[in-house]
There are 2 protein chains.
Amino acid sequence: MPYYIGDVIEESKRLVIRTPEEFNKTGIDARVRTHVEGIDAQKGLVYLSGGMSIPYDYLVMATGAKAVRLDIPGQDLEGVFSLKNLSDAIRIKSWIRDKHCRRAVILGAGYIAMEMCEALQTIGLDTKIVYRGKLPAKKWDPAFSQVILDEIKGHGVEFVSGKKPLAIEKGKTGSLQLVTDSGVVEADIILMALGVSPEVSLAKSIGLSIGEGTGAVQVDLTQKTSRENVWAVGDCCEVFHKVAGRWVYLPLGDIANKQGRVAGQNIGGSPMEFPGIVGAQAFKVFNLEVAATGLTEEEAAQSGFDPVGVLIWGVPVARSMAKGEKLGIKLVGDKKTRKLLGGQLIGKRGAVQRVYALSVALWSGLTVDEVGYLDFPYTPPFGGAWDAIHIAAQDLARKLT
Amino acid sequence: MPYYIGDVIEESKRLVIRTPEEFNKTGIDARVRTHVEGIDAQKGLVYLSGGMSIPYDYLVMATGAKAVRLDIPGQDLEGVFSLKNLSDAIRIKSWIRDKHCRRAVILGAGYIAMEMCEALQTIGLDTKIVYRGKLPAKKWDPAFSQVILDEIKGHGVEFVSGKKPLAIEKGKTGSLQLVTDSGVVEADIILMALGVSPEVSLAKSIGLSIGEGTGAVQVDLTQKTSRENVWAVGDCCEVFHKVAGRWVYLPLGDIANKQGRVAGQNIGGSPMEFPGIVGAQAFKVFNLEVAATGLTEEEAAQSGFDPVGVLIWGVPVARSMAKGEKLGIKLVGDKKTRKLLGGQLIGKRGAVQRVYALSVALWSGLTVDEVGYLDFPYTPPFGGAWDAIHIAAQDLARKLT
């Protein structure tokens, strides 16, 4: 019987493990808070801090990602945090409480920055996002990024654009100050939400193949690396993008979960291949749902497609129930094959709902014409007889002709 | 340029027509509130009430459906209404207002009955549903119907089960009384929400083929009937069910819209086929989302499949954000092909979202194994790393093995 570390599934009898102690009860030797100093892949040995070593038949690399940090003076000062794991979160909360923080600065404007600005603003901090570019969430169409910007500003977050951070120093009025190429920003706490990169130092030390464009461990669809009996899963390795038709780096928790299961099945003797991803992702910021799946026009062109996009403003519910609220939907299709390549949605509701559907359409390789006639559950509180997806897909189909 | 009667699409330049007057402005002769007395299909003539006739080259039958009425004495009394069109709604609202109604009885327990009981209870009427069976919404699994029953009862609606209506009479204390095989129920208004059947009298008069099991006009994928130059669309005709692999009767507004567009394109010289449906449907009752798509186990068996079902209780969001709320999901798969055949969901949120996705999976003919690894946008306010769909599909995959 397989063991899962995860959530309890009601009405199912599977064994659920939540803590290392529970894990140890299964008879499996689980060692947390233990540092791996090195690996001898010839001998099949993992060297731990303190001099101990553990032999292995199968090795699974699940080293994850590391938070990107700016290479500027003062980035290691107290009160400057990156965002990676639970202990970061605990340290950040303690700092805010113990130092009576009033002003927060977030560097970066991706979805983690968006989630953090909501969290900090909501607990009462004056929150500023300092970003080199003009608009947040650059994966999304600029028209949608503008809606995100309006949403965070509307909730009191300040968006300081076009500033390049040069250094972090002890502050005059606050505990810290961020020095940029155009002025100084005072803060009691500074968060670096600049993304992550794959943690591959151990992988490199045993000569695993690393993807050229991605910097992540190369795996096949069974999660096996370039070395026999060594597997890799999660944020340290690549994943196959079904729409792009190539291996990419996309460090997301759901993908890591699936890869772990796939590697476990293969090592455990129930062979399976990971079918790949389509790039589905979403976040919520204040009252806004922001979601995307598949490829942007730019990504599609890089993958050899001939992309065409449409962007329309529809409604998330039947028009009679809409009360003025809008749902933005952008679809991208391929001129050669007429296949759907990607979609983005934004709105106070209904965006995530539709990216679920579009993700399955991408997974299945549907054409834009097919998407224009998909069967959705028409019910006025959740969508019109012609859903926003239909309308956008039919508009796109006309543009592809 | 084609004309659409429908909603304004922002940032699109298409002509939108909302009223007969606007329609007439296009130069097309639109006659509403005009009764068709007969058709001479040999001569290509439609006879109107009042003796006029109109010649045609192409005839589109869009005669819709008629509300099913119980064949019991007193069903034509004032205060007894069926639910079909806008004028029914206006008459019902006037009756409630003019007669100062306090007590409503609804006959039937399908989704229209559910929507009506919420509407009436919400405006302050004591609302009773009188139904022969034990549970509402019989398309859904009994476990889900029980949740619906709890929801309507929790909002004060009384569900009177196991009673067969025998007659409607002038009431003693109220304006009406419903006589059943076990007692009398007093009411100021009685609504018959007993479903609809196709309106095919004109179609039969010109010898159009009628489906044996459905009673609806038979069409091909271009919406053409058995007679040259005669087309049919909407609630009067059949529709092709992609999962069942056969023609069915499913009178839903979104299907009617699509069929109308398909017929129009074919008549107008831009040939296309209607790709069919998968049976997606949903309703909201009080705070509950109820949704279904594809086939139930019973329907699947009737269509020649070897169906297996699973029903689990998951959560609509990441478990850490769930606050005790549950999402019920039932999936049905085929033992022979391992294909997904259908799905049902119920919960305070997230049910419709997931039936969107399952509908695309059905449309695309995905296997249960594929559904277990679909790529959804993992974001805690809308779903866990393993979505309820994944968990149910993986449970089902194990049962199919």
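Below, read A as the first sequence line, B as the second, and so on, with proteins coming before strands; counting in each chain starts at 1.
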So for Asp369(A), is it side chain, backbone, both, or neither that comes closer than 4.5 Å to the heavy atoms of chain B?
neither

Measuring heavy-atom distances to chain B, does Ala291(A) have an atom under 4.5 Å in its side chain, in its backbone, in both, or in neither?
neither

Most heavy-atom pairs under 4.5 Å with chain A, out of Leu358(B), Leu362(B), Asp387(B), belong to Asp387(B)

Which region of Tyr111(B), side chain (C-beta onward) or backbone (N, CA, C, O), has a non-hydrogen atom less than 4.5 Å from a non-hydrogen atom of chain A, or is it both or neither?
neither

Chain A contacts: which residues in [range] have a non-hydrogen atom closer than 4.5 Å to it?
range                       : result
residues 375-385 of chain B : Asp375(B), Phe376(B), Pro377(B), Tyr378(B), Thr379(B), Pro381(B), Phe382(B), Gly383(B), Ala385(B)
residues 347-356 of chain B : Val352(B), Gln353(B), Arg354(B), Val355(B), Tyr356(B)
residues 277-290 of chain B : Ile277(B), Val278(B), Gly279(B), Ala280(B), Gln281(B), Ala282(B), Phe283(B), Lys284(B), Glu289(B)

Rounded to the nearest 0.5 Å, what separates atom OH in Tyr373(A) from atom CD in Gln259(B)?
11.0 Å

Is there a side-chain contact between Leu366(A) and Val360(B) (heavy atoms, below 4.5 Å)?
yes

Those residues at least two apart in sequence (or on a different chain) that pass salt bridge (Lys or Arg N to Asp or Glu O under 4.0 Å) with Glu118(B) are none

Side chains of Trp386(B) and Asn257(A): donor-acceptor distance under 3.5 Å anywhere?
yes

Should we count NZ of Lys339(B) as having more than 12 external heavy atoms under 6.0 Å?
no

